[in-house]
Visitor: 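Mind looking over this structure? Questions follow.
The first residue in the sequence is number 1, and the count goes up from there. Counting convention: from 1, in listed order, for ligands and their atoms alike.
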Amino acid sequence: MRLKGKRILITAAGQGMGRASALACAAEGGKIIATDRDIALLDDLAGQGIEIAALDVTDPQAITRLADSVGPLDGLFNCAGFVHHGTILDISDEDWAFSMDLNVTSMLRLTRACLPGMLTRAADTGTASILNMASMASSIKGFPNRTAYGTTKAAVIGLTKGIAADFVRQGIRCNALCPGTVDTPSLRGRIATAADPVQAEKEFIARQPMGRLATVEDITPMVIYLLSDESRLVTGQALLVDGGVTI
Ligand code: NAD
């Protein structure tokens, strides 16, 4: 039970890596609060000992309300994010603002709202952990048609390092998770809407030297590690789980 008794809030837990993380962390004894914009996607998690709550991470009032209602946390996993497809020539001001708001500002707001409670937990227990979802597509590596996305995920790494530096002496750790290409519903959507879906899937696989897409189960062990005390000396890092893309 690597997360026994730890109260952990996860955003975008309705599907994909957020959902898999909620289930995996609960299986390790975590007291999980799974949130998503679409509460219907969380219904069946409620039957598995997980608290659920609606949260659109782009709604500042909803963030404040939720942070107040959940009380002090031991862990926070900011998982919500959106992939904009296109070069800089395709990015409207509205697209840019939307990506920054959903992928970066939401993490700032939710972390700012939860941090006072996490500091009280860390004062009691010695530690609390924040995990921010970044990507290999970030300051780490550029990819075609990912300028807006990569910029936001680079900002997530910057946000992560800033939080880590400011609170390292108060028991707060903050790290960024940088997956490769993971087989999730939104990836399937990106493949389905490509001009040639069969070719698009081949290209996603081809860029992973290990020869396959990641599964959500490839990612959750790193989530558990970073939210648990096993990673007690790890902070301010961007940790890759990318099937060898960035070797
Ligand atoms: P996904 O994109 O399939 O699911 C995302 C979930 O987010 C959905 O349940 C959706 O309802 C929820 N959501 C969307 N907008 C929201 C909002 N405003 N507030 C709250 N919830 C909202 O899941 P995924 O592919 O596992 O992606 C999760 C995170 O991982 C994202 O930040 C993404 O950028 C990142 N990521 C994904 C991949 C990949 O290949 N899938 C790789 C690296 C990083």
Visitor: Looking only at protein heavy atoms, which one is nearest to atom 27 (O) of ligand 1, and how far off is it?
Guide: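 Protein heavy atom at minimum distance: M17 CE, 4.2 Å.
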
Visitor: Looking only at protein heavy atoms, which one is nearest to atom 40 (O) of ligand 1, and what is the separation?
Guide: V182 N, 2.8 Å

Visitor: So for A13, does at least one of its heavy atoms come nearer than 4.0 angstrom to any atom of ligand 1?
Guide: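 No; A13 lies far enough from ligand 1 that no heavy-atom distance drops under 4.0 Å.
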
Visitor: Check each atom of ligand 1 against the heavy atoms of T181 and keep those under 4.0 Å away; list them by number with element.
Guide: 40 (O)

Visitor: What do you reckon, does G81 have a nitrogen or oxygen under 3.5 Å from a nitrogen or oxygen of ligand 1?
Guide: yes

Visitor: At less than 4.0 angstrom from any non-hydrogen atom of A80, what atoms of ligand 1 do you find?
Guide: 32 (O)

Visitor: Could you tell me whether some N/O pair between D38 and ligand 1 is separated by less than 3.5 angstrom?
Guide: no

Visitor: What part of R188 sits under 4.0 Å from ligand 1 if we count only heavy atoms: the side chain, the backbone, both or neither?
Guide: neither

Visitor: Enumerate the atoms of ligand 1 whose separation from the nearest heavy atom of G14 is less than 4.0 angstrom.
Guide: 9 (O)

Visitor: Any atom of ligand 1 sitting under 4.0 Å from a heavy atom of R190?
Guide: yes

Visitor: Shortest non-hydrogen contact from N175 to G236?
Guide: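 Closest approach of N175 to G236, heavy atoms only: OD1-N, 3.2 Å.
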
Visitor: Please work out, at 4.0 Å between heavy atoms, whether the side chain, the backbone, both, or neither of A134 comes within that distance of ligand 1.
Guide: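 Backbone only.
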
Visitor: Using heavy-atom distances only, which candidate in G16, A12, C79 approaches atom 28 (C) of ligand 1 most closely?
Guide: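 Nearest option to atom 28 (C) of ligand 1, by heavy atoms: C79.
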
Visitor: Under 4.0 Å from ligand 1, counting heavy atoms only, is it the side chain of M133, its backbone, both or neither?
Guide: side chain

Visitor: For D43, does the CG atom have more than 12 heavy-atom neighbours from other residues, nucleotides or ligands under 6.0 Å away?
Guide: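 More than 12 heavy atoms, drawn from other residues, nucleotides or ligands, come within 6.0 Å of this atom.
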
Visitor: Going by the atom numbers of ligand 1, which of them fall below 4.0 Å from some non-hydrogen atom of P185?
Guide: 3 (O)

Visitor: As an exercise, identify every atom of ligand 1 less than 4.0 angstrom from a heavy atom of D56.
Guide: 17 (C), 18 (N), 19 (N)

Visitor: Would a 4.5 Å heavy-atom cut-off, applied to side chains only, mark D242 and P179 as touching?
Guide: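 No, every pair of side-chain atoms sits at 4.5 Å or beyond.
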
Visitor: Not counting sequence neighbours, list each pair that qualifies as a ring pair (Phe, Tyr, Trp, His ring centres under 6.0 Å) and has a residue in residues 97-119.
Guide: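 Every ring pair (Phe, Tyr, Trp, His ring centres under 6.0 Å) pair that includes a residue of residues 97-119, provided the two are not neighbours, is F82-F98.
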
Visitor: Determine, considering heavy atoms only, which of T152, T184, V216 sits nearest to atom 24 (P) of ligand 1.
Guide: T184

Visitor: Say whether, by atom type as modelled, one donor and one acceptor occur between the side chain of S129 and the main chain of L226 under 3.5 angstrom.
Guide: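 At least one qualifying donor-acceptor pair exists.
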
Visitor: Show your working on salt bridge (Lys or Arg N to Asp or Glu O under 4.0 Å) between K6 and D229 and close with a plain yes or no.
Guide: CA-CA 10 Å; K6 285 192 188 290; D229 295 344; 2.9 Å; yes

Visitor: In terms of hydrophobic clusters joined by side-chain contacts under 4.5 Å, are I140 and V241 together?
Guide: no

Visitor: Within a distance under 4.0 Å of any heavy atom of S186, pick out the atoms of ligand 1 and give their elements.
Guide: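 Near S186, meaning under 4.0 Å from one of its heavy atoms, ligand 1 has 1 (P), 2 (O), 3 (O), 25 (O).
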
Visitor: Select one of side chain, backbone, both or neither to describe which atoms of L102 lie under 4.0 Å from any atom of ligand 1, heavy atoms only.
Guide: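 Under 4.0 Å from ligand 1, L102 contributes side-chain atoms alone.
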
Visitor: List every atom of ligand 1 that sits less than 4.0 Å from any heavy atom of L41, numbering the atoms from 1 in the order shown and giving each element.
Guide: 9 (O), 11 (O)

Visitor: Quick one: look at K153 and ligand 1, take heavy-atom pairs under 4.0 Å, and tell me if it's side chain, backbone, both or neither.
Guide: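 For K153, only side-chain atoms sit under 4.0 Å from ligand 1.
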
Visitor: State the CG-OG1 distance between N78 and T111, to the nearest 0.5 angstrom.
Guide: 4.0 Å

Visitor: Can you run down the salt bridge (Lys or Arg N to Asp or Glu O under 4.0 Å) pairs that involve residues 179-201, sequence neighbours left out, and say none if there aren't any?
Guide: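 Sorted pair list: D183-R188, R188-E201.
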
Visitor: Considering only heavy atoms of L55, which atoms of ligand 1 have at least one such atom less than 4.0 Å away?
Guide: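 Reading through ligand 1 atom by atom, the close ones are 19 (N), 20 (C).
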
Visitor: Checking a contact table here: which protein heavy atom is nearest atom 11 (O) of ligand 1, and how many Å away?
Guide: D36 OD1, 2.6 Å

